[in-house]
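Notes for the one structure printed next.
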Amino acid sequence: MKIILDTNIFVEDFLMKSIKFSNLFDFLKKTNSEIVIFQIVFQEVIALYRRKLIEKLDKYYKSKEELLKIFNNKPF
């Protein structure tokens with residue numbers, strides 16, 4: 001059996017560590033099935049993952065800047 005996955009499935013858990021993915025992988029093994037991912041879905045997932053990483057990096061750098069401002073203004 002071939003199972004087709006949509007982008008939304010991956011966006012829920014980019015690293016595929018959830019119980020849902022665990023159950024899916026277990027099902028695939030037991031039924032000798034395989035996943036089909038269309039190229040457009042693959043490209044969209046990569047783009048969304050990059051966007052999410054950039055957002056997290058931006059938050060990190062902004063937080064870092066704020067902390068540095070606080071610590072630079074306070075004597076230890």
Side-chain angles (χ1 to χ4, degrees):
M1 176 188 315
K2 295 182 189 280
I3 298 174
I4 299 171
L5 297 181
D6 187 37
T7 305
N8 297 328
I9 302 299
F10 294 103
V11 172
E12 248 183 69
D13 180 17
F14 283 113
L15 300 178
M16 297 183 283
K17 300 281 185 183
S18 69
I19 190 71
K20 291 178 184 178
F21 272 106
S22 180
N23 291 339
L24 173 62
F25 296 143
D26 186 49
F27 174 81
L28 292 170
K29 284 181 195 172
K30 289 178 180 176
T31 60
N32 200 25
S33 298
E34 55 188 29
I35 293 176
V36 175
I37 303 172
F38 294 118
Q39 185 174 2
I40 189 74
V41 170
F42 184 73
Q43 290 170 341
E44 189 176 13
V45 169
I46 290 172
L48 290 169
Y49 186 66
R50 279 188 184 137
R51 193 175 311 144
K52 190 72 145 179
L53 285 177
I54 289 169
E55 286 174 14
K56 289 190 180 289
L57 278 171
D58 285 344
K59 281 184 182 179
Y60 164 77
Y61 287 122
K62 286 176 185 173
S63 296
K64 182 181 171 186
E65 286 176 20
E66 291 298 316
L67 283 171
L68 288 173
K69 285 179 190 176
I70 291 169
F71 288 124
N72 285 335
N73 291 330
K74 303 253 183 197
F76 285 97

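Heads up: numbering here begins at 1 and tracks the sequence. Note that this is a predicted model, so its numbers are computed, not measured.
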All N/O donor-acceptor pairs, side-chain side in residues 50-63, below 3.5 Å, sequence neighbours left out:
unit_1 : atom_1 : unit_2 : atom_2 : d
Ser63  : OG     : Lys59  : O      : 2.9

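Closest non-hydrogen pair, Leu28 versus Glu34, comes out as CD2-N, 3.9 Å. In terms of heavy-atom proximity, Val45 sits nearest to Thr7 at CG2-CG2, 3.8 Å.
Salt-bridge annotation for Lys30 and Asp26: present, with a side-chain N of the basic residue lying under 4.0 Å from a carboxylate O of the acidic one.
Every residue two or more places apart in sequence or in another chain that forms a side-chain hydrogen bond (donor to acceptor under 3.5 Å, both in side chains) with Ser33 is listed here: Thr31. By the side-chain hydrogen bond (donor to acceptor under 3.5 Å, both in side chains) test, Glu65 is found to be paired with no residue, residues two or more places apart in sequence or in another chain being considered. Shown here are the side-chain hydrogen bond (donor to acceptor under 3.5 Å, both in side chains) partners of Glu12, two or more places apart in sequence or in another chain: Lys20. Under the ring pair (Phe, Tyr, Trp, His ring centres under 6.0 Å) criterion, Tyr49 pairs with Phe14, not counting sequence neighbours.
Ile19 shares a hydrophobic cluster with no other residue; no ILVMFWY side chain has heavy atoms under 4.5 Å from its own.
For the atom pair NZ of Lys17 and OG of Ser22, the computed distance is 10.5 Å after rounding to the nearest 0.5 Å. Note that CD1 of Ile4 and CD1 of Ile9 are 12.5 Å apart. Values are rounded to the nearest 0.5 Å. To the nearest 0.5 Å, atoms CZ (Phe10) and CZ (Phe21) are separated by 5.0 Å.
Around the CG atom of Asn32, the shell of radius 6.0 Å holds no more than 12 heavy atoms that belong to other residues, nucleotides or ligands. Enclosure of atom CZ in Phe38 is not indicated, since only 12 or fewer non-hydrogen atoms of other residues, nucleotides or ligands lie within 6.0 angstrom.
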